[in-house]
2 protein chains.
Amino acid sequence: MSRREEITAAARALLEEEGEEALTMRNVADRLGIKAPSLYKHVSGRKEIETLLAAEALGEMGETLARESDLEGMGDAYRTWALANPALYRVATTRPLDREKLSPGVEEAAAAPLLEALDGDRDRARAFWALAHGLVLLEMDGRFPEDADIEAAWAAGLD
Amino acid sequence: MSRREEITAAARALLEEEGEEALTMRNVADRLGIKAPSLYKHVSGRKEIETLLAAEALGEMGETLARESDLEGMGDAYRTWALANPALYRVATTRPLDREKLSPGVEEAAAAPLLEALDGDRDRARAFWALAHGLVLLEMDGRFPEDADIEAAWAAGLD
DNA sequence: GGTCGAGGCTAACACAGTTAGCCAGATATG
DNA sequence: CATATCTGGCTAACTGTGTTAGCCTCGACC
C-alpha cells in the first residue's frame with residue numbers, strides 16, 4: 001500500500017466516520033501519525049486527495065451498478081450506495097472533477113453498466129443518471145418530507 | 001432597505017460577480033464599507049446569510065416557474081434560471097437548509113406551480129424536481145460532454 | 001564510505017469565521 | 001435640558017484552514 005493509497009484510505013475513513021468537514025489536511029495527517037506538511041511530499045494538495053477519492057468512489061459505483069441487470073435494480077443500488085457513503089458520494093459527484101488527473105476511463109467504466117442496460121442510448125442514460133443523482137442529493141439534504149421512496153418506482157415508470 | 005437586506009444584496013452580488021468562494025464575511029463587509037465583525041450586529045453568521053439567499057432564490061424560482069404553464073416550459077425555465085445564477089442556485093439547493101429561520105411557506109410556494117401542473121401528484125412533482133436538479137447540477141459541474149440538451153426533451157418524454 | 005533522494009519535521013503566512021470589548025452618536029427619558 | 005440607553009460601528013484577538021520554505025535524518029546505491 002503506497003503512501004498515496006494510505007492517504008486516500010485515511011481520507012475516506014475520515015469522511016465516513018466524521019463527515020465531510022472533517023476532511024482536512026491536518027486530520028488526514030493525524031491518522032497517519034504524521035504532520036500535515038508532510039502530506040505534500042505525496043500529494044499536491046487537498047484537491048488531489050478529493051480527486052483520488054472520486055476515482056475510488058466512481059469505481060465502486062460502477063461495480064455496484066454492474067451487479068444489477070435492470071434499471072430498477074440499478075436505481076436501488078445507486079441509492080443504497082449513495083446513502084451508505086453520503087460524504088464520499090458528495091465529494092465524488094458534487095464539484096467539477098478535474099479529468100486530467102483522473103486515470104482515463106474511470107468515468108466511462110462507471111457509466112458503462114447503465115449505458116448497456118439502456119441499449120447504448122446516451123441521452124436516456126444521462127436522464128436516468130440525473131434523476132438518480134437529484135433524488136439522492138435531495139434525500140441526503142433532507143429536502144423531502146418523510147415519504148419519498150415511491151419515486152424509485154417512478155424511475156422504473158420512466159421506461 | 002434594511003441592513004439585513006443590504007447584506008443579502010451584497011452577498012448575492014458577490015456570488016454572481018466573483019463566484020461561490022468569494023462569499024466571505026470580510027468580502028460582504030467590504031461591499032458595505034464596513035468591517036466583518038460589524039455584520040454580526042445584523043446577522044448571526046455566515047450560515048444565516050446563506051439562508052437569506054436561499055429564501056430569495058426559492059422565491060424567484062417559484063415566480064419563474066409560475067410564469068410557465070406546462071412541464072416542458074417549466075423545465076426550460078428551471079434550467080435557464082439555474083444556469084443564469086449558478087452560485088446562487090448552489091447555495092439555495094445544495095446543503096440542508098434550516099427551515100426554522102426560513103419564513104414558512106417559502107418552499108411550498110416555490111413548489112406550488114409545479115405541483116399544480118402535475119395535478120397535485122406529489123411523487124411525480126418530486127421526480128420532476130429531482131430530474132431537473134440533477135440535470136442542472138451535472139451540467140453546471142461539467143459532468144456531461146458537449147451535447148446533453150436533448151434531455152430536456154426527455155423530461156417531457158417522462159410525462 | 002561518501003552522495004543523495006525520500007520523507008519526515010518546524011516555523012510561518014494568508015485568510016476563514018467568530019468573539020470580546022470599546023466607543024461615538026442618535027434617541028429616548030427624566 | 002440633561003442624562004441614560006441603545007444602535008451600530010470599530011480594533012484586537014483566537015482558532016482552524018490550506019499551503020510554502022527550509023532543515024534534517026536515514027537508508028540505498030555507486
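When reading the values below, keep in mind they use all heavy atoms of this one structure, side chains included, and skip hydrogens, waters and symmetry mates. Every chain is numbered from 1, with letters handed out A, B, ... down the list of sequences.
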Next on the checklist: Going by the rule side chain to side chain contact (heavy atoms under 4.5 Å, CB included), which residues pair with A/Ser69 if we only count those two or more places apart in sequence or in a different chain?
Outcome noted: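 Applying side chain to side chain contact (heavy atoms under 4.5 Å, CB included) to A/Ser69 gives none.
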* To do: Mind checking side chain to side chain contact (heavy atoms under 4.5 Å, CB included) for B/Arg99 and listing every partner two or more places apart, or none if nothing turns up?
  =>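 Listed in chain order: A/Arg143, B/Glu107.
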Inter-end axis angle, the helix from C/dG1-D/dC30 to C/dG30-D/dC1, with every axis fitted to five base pairs (rounded, 10 degrees):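 Comparing the first five pairs with the last five, the axes sit 10° apart.
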### Query
Would B/Arg3 and B/Glu6 pass as an ion pair if we require N to O under 4.0 Å?
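Yes, charged N to carboxylate O under 4.0 Å.
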Residues A/Glu68 and A/Arg79 bridged, charged N to O under 4.0 Å:
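A/Arg79 and A/Glu68: not salt-bridged.
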Rounded to the nearest Å, what distance is computed from the [atom1] atom of residue [X] to the [atom2] atom of nucleotide [N]?
X: A/Ile34; N: C/dT10; atom1: CD1; atom2: C1'; value: 15 Å
X: B/Ile7; N: D/dT7; atom1: CD1; atom2: C1'; value: 14 Å
X: B/Arg4; N: D/dG8; atom1: CZ; atom2: P; value: 12 Å
X: A/Lys41; N: D/dT25; atom1: NZ; atom2: P; value: 14 Å
X: A/Leu39; N: C/dA6; atom1: CG; atom2: P; value: 17 Å
X: B/Leu32; N: D/dC10; atom1: CG; atom2: C1'; value: 15 Å

*asked:* Does a side-chain N or O of A/His42 approach OP1 or OP2 of C/dA6 to a distance below 4.0 Å, or not?
replied: no
Check the interface with nucleotides 16-19 of chain D: list each N/O to N/O pair with the protein under 3.5 Å, or write none.
{"from": "D/dG18", "atom 1": "OP1", "to": "A/Met25", "atom 2": "N", "distance (Å)": "3.2"}
{"from": "D/dG18", "atom 1": "OP1", "to": "A/Arg46", "atom 2": "NH1", "distance (Å)": "3.2"}
{"from": "D/dG18", "atom 1": "OP2", "to": "A/Met25", "atom 2": "N", "distance (Å)": "2.9"}
{"from": "D/dG18", "atom 1": "N7", "to": "A/Arg26", "atom 2": "NH1", "distance (Å)": "2.8"}
{"from": "D/dG18", "atom 1": "O6", "to": "A/Arg26", "atom 2": "NH2", "distance (Å)": "3.2"}
{"from": "D/dT19", "atom 1": "OP2", "to": "A/Tyr40", "atom 2": "OH", "distance (Å)": "2.9"}
{"from": "D/dT19", "atom 1": "OP2", "to": "A/Arg46", "atom 2": "N", "distance (Å)": "2.8"}
{"from": "D/dT19", "atom 1": "O5'", "to": "A/Tyr40", "atom 2": "OH", "distance (Å)": "3.2"}

(message) So for B/Lys35 and D/dG9, does any side-chain atom that can act as donor or acceptor lie under 3.5 Å from a complementary atom in the base?
(response)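 No, the side chain and the base share no sub-3.5 Å donor-acceptor pair.
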Once the angle between the rings of A/Trp129 and B/Phe144 is folded into 0 to 90°, is it parallel (under 30°), tilted (30 to 60°) or perpendicular (over 60°)?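 Correct class here is perpendicular.
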- prompt: Looking only at atom types and distance, does a side-chain atom of B/Asn85 sit under 3.5 Å from a main-chain N or O of B/Leu88, one as donor and one as acceptor?
  reply: no
ask   = Would you say the side-chain atoms of B/Glu5 pair up with the backbone N or O of B/Ser2, donor to acceptor, closer than 3.5 Å?
value = yes
Residue pairs passing the side chain to side chain donor-acceptor pair (under 3.5 Å) test with at least one member in residues 34-45 of chain B, sequence neighbours excluded, are B/Ser44-B/Glu48
Salt bridge (Lys or Arg N to Asp or Glu O under 4.0 Å) pairs touching residues 17-28 of chain A, sequence neighbours excluded, are A/Glu17-A/Arg31, A/Glu18-A/Arg31, A/Glu20-A/Arg95
From the candidates D/dC10, D/dG8, C/dG7, the one with an atom nearest any side-chain atom of B/Ser38 is D/dC10
